[in-house]
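The structure under discussion appears below in the form of structure tokens.
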Amino acid sequence: MMERISGAEAMMRSLEHEGVEVLFGYPGGAIIPTYDALYDHKETLNHILVRHEQGAIHAAQGYARVSGKVGCAIVTSGPGAMNTISGIADAMVDSTPMVVICGQVGAAMLGTDAFQEVDVIGVTQPISKWAFQIRRSEDIAWAVSRAFYIARSGRPGPVVLDFTKNAQTGLVDFEPQKVNFIRSYKPAPVPEDSVIEKAARLINNSVKPFVLVGQGVELGNAQEELREFLEKAQLPAARTLLGLSALPSDHPLNMGMLGMHGNLGPNMMTNQCDLLIAIGMRFDDRVTGNLNTYAKQAKIIHFDIDPSEINKNVRVNLAVVGDCKQTLPAVTRLLDKTTHQAWIDGFKPYAEKEDNKVIHPAIYPTEGPLLMGEVVRKVSEATEHKAILVTDVGQNQMFACRYFKYSQNRSIVTSGGCGTMGFGLPAAMGATFGAPDRTVCMFCGDGGLQMTIQELGTIMEQQAPVKIILLNNDYLGNVRQWQYMFYNKRYSFTPMVNPDFELIARGYRIPCRTVVERADLEGAIQEMLSTEGPFLLQCAVKAEDDVLPMIPPGSNIDEMLLEVK
Amino acid sequence: METKYTKNAGGECGDCNLCGNCGSLDCPEGKNMYTMIIYSENFAGILNQITAVFTRRQVNIESLNVCASSTPGVHKYTITCFCNEEMAMMLTKQIEKKIDVLQANYFTDDQIFILEACLLKVNTNMMLNNKDVGRIVRIHGARIVEVNPTYSIIEKKGITADILSLFHQLDKLGVVLQFVRSGRIAVTKSCIEQLDRYLEERESQR
Ligand SMILES: Cc1ncc(C[n+]2csc(CCOP(=O)(O)OP(=O)(O)O)c2C)c(N)n1
Ligand SMILES: [Mg+2]
């Protein structure tokens, strides 16, 4: 059934056709026709007006990460589009499905340095999964459908649609399209049976197997399949930062977190296992440390959907390239029911050591100023470990990820590959739309909060129930820690004079409270959680605290520091 | 005349990237010349995406040829570079990851038939007054395709080494006004047509 409508209207109907329910955006000259069409679709397309385009892009990321749906942002040309760049790059490296629609000057003016014209395709091509300029209204239905297909399929990622003004205003015979095949693009390769058999054989023959769980498990909705895989052969596992909620914190085979600020056992045992089984993770340098000494003693199997990840950083013995939702159960079927009790017990001394030296003092201090770790664990407990954790970047992020506990899928939203400060607040706002039934707790630092603090405006307007926990140390703490450890305590531009955050929250009519004393913490957390809508809880934490343990950058992963000299 | 690639012979300029200064075809330590053959849909902007992969990985493109392939709607890119095999593999995988790229493969010189071409514009007077010019043209199997009172044009097809040898020898005589060498074109020696296979497989999955 064809109907002649404007390109802007065709965009709205295409978005509806793709099942879009929420859009995060900000209008401007080159996207006005589309906003005009949006005015008639307010019932179906819930547009959230942000306060800065970076807010829109991170909100779309938060929405996508918790819901598994494609996040959608819409902005104007030039400066509007450029303000989304950090979020696009962030979504690319963290595999977040997203479609970003940018206004663009009319096709006739392209390349003339017209007002607010920027070569958005040129800028975004290297940092997006696909970038396409819609120059004719006729291409809208196809391009939008293709964009959503690419964003959500295979290894997800951000897609940019650069939407010229003439394409928005031009008339078109509209018919929605459904792209679900692109011949040059194989979203999920299927491995040969022999590969599955080989993987099972390697695992069955292993005495000291160790599984690395990445976000790929969550992206593939294979949490259940992972559990069955681990349980059948009793394989101990640890998660990457982004994979934290792919396996519940309290699962008996969960040995903790990998990486620079991960747990001692998993890092030490990586260099002791005889078989490393990586699933949906990409051997980031924050996980591997020095590659020359990384798991050299072990055979390595790499499950991933993206062939270009295989042998990128770490040479593997076997690659199982495909969708782990399929490949994991296929391998599980061939696994022997075994236990690896002695091997699993080997993690315990490390856990005890870390517990005594690091964890216990971090979450159960009895004197001195508040610590980030104790605040995090208290909030996690108060939410019965069921909340979604959103973090900003820095020490607050590392403490939050370490000491929060996860019991449900898709419970962690953090900027991993990019480490984008300012991510937290807007991502949390977006997450409340992606998971309206869940509690969203956002931990941030005094530095990161101020990078996108304007989104308090969006949170106020939407009454988005973000529980903001500001871990205020009056420092760019993470950098300060590095300066302390590696730069002779020369605090070059990391101390910060901060505003009165309570006053700011009040200006945005967001309820708030500041905690300084340990005795007030629990009550304040209760108040935050029982208050409907948003809340800002400021915790005055120890100014100079250090995230531990730590693998110094470039060091071997079995040289984790448990204390700072 | 055939010149063979000399590996790591250590030409005077050291890290030789076919600059031609020393006339040898030294390949940087531990590296090989690889020819990447890439097929993509005929969309705008793909060349940019392909070259960006080389740039990010700090690999110089030595030569580049782009044209329509024998399959309607499919473009073929032939790119040469010096790198090790691991890098060649990574480059082709990262290129193939681009949505509209159909296939990317890498080859060593023994796996492909290779052709390059060059044009030399020389001073006619000097050419006629120097018997060596004709001799060099003949031993290189080159052709003179234009002679006018001012300049003449010499054309040669072949492999890089022969073409550079022709150029260097003529250049020493001081007769060369302009020299241009084409990007490499190549077809595989394999009896299997990878692209056709891929397209057939994909069509069956549509
Ligand atoms: C956009 C951006 N700029 C700079 C950095 C570098 N950086 C990483 S952590 C950090 C300090 C963060 O300070 P704060 O937000 O107060 O958190 P804290 O570490 O104190 O918890 C900085 C500057 C970054 N990750 N992102
Ligand atoms: Mg701070």
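In what follows, chains are A, B, ... by sequence order, proteins preceding strands, each numbered from 1.
- Heavy atoms of B:Glu201 lying under 4.5 Å from chain A belong exclusively to its side chain.
- The most heavy-atom pairs under 4.5 Å with chain B, out of A:Lys129, A:Gln133, A:Arg155, A:Lys186, come from A:Lys186.
- The heavy-atom pair separating A:Ser184 from B:Asp100 by the smallest distance is OG-CA, 3.3 Å.
- Taking every heavy atom of both residues into account, A:Tyr185 and B:Tyr198 meet most closely at N-OH, 4.0 Å.
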Might you work through the side chain to side chain contact (heavy atoms under 4.5 Å, CB included) test for A:Glu309 and B:Lys93, ending with a clear yes or no? CA-CA 9 Å; A:Glu309 284 301 341; B:Lys93 276 200 224 169; over 6 Å; no

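- With a 4.5 angstrom heavy-atom cutoff, B:Leu199 touches chain A only via side-chain atoms.
- When heavy atoms are compared at a cutoff of 4.5 Å, B:Glu41 approaches chain A solely by way of its side chain, counted from C-beta outward.
- Around atom NZ of A:Lys178, more than 12 heavy atoms belonging to other residues, nucleotides or ligands sit under 6.0 Å away.
- Rounding to the nearest 0.5 Å gives a distance of 13.5 Å between CD1 of B:Ile99 and CZ of A:Phe132.
- Counting heavy atoms of neighbouring residues, nucleotides and ligands inside a 6.0 Å radius, atom CD of B:Glu203 exceeds 12 of them.
- Residue B:Phe43 touches chain A through its side chain alone, counting heavy-atom pairs closer than 4.5 Å.
- Environment of CD in A:Glu192: sparse, with no more than 12 heavy atoms of neighbouring residues, nucleotides or ligands closer than 6.0 Å.
- A:Asp306 touches chain B through its side chain: at least one heavy atom from C-beta onward sits under 4.5 Å away, while N, CA, C and O do not.
- For chain B, the nearby parts of A:Ile310 are the backbone and the side chain; heavy atoms of each come within less than 4.5 Å.
- In terms of heavy-atom pairs under 4.5 angstrom with chain B, the leader among A:Ser308, A:Gly154, A:Pro126 is A:Ser308.
- Other residues, nucleotides and ligands contribute more than 12 heavy atoms inside 6.0 Å of the CG atom of B:Asn148.
- Remark: the backbone N or O of A:Arg183 is paired with a side-chain donor or acceptor of B:Arg202 at under 3.5 angstrom.
- Highest contact tally toward chain A, considering only B:Arg206, B:Met90, B:Lys97, is held by B:Arg206 [criterion: heavy-atom pairs under 4.5 Å].
- Counting heavy atoms from C-beta on, the side chains of B:Asn48 and A:Gln125 come closer than 4.5 Å.
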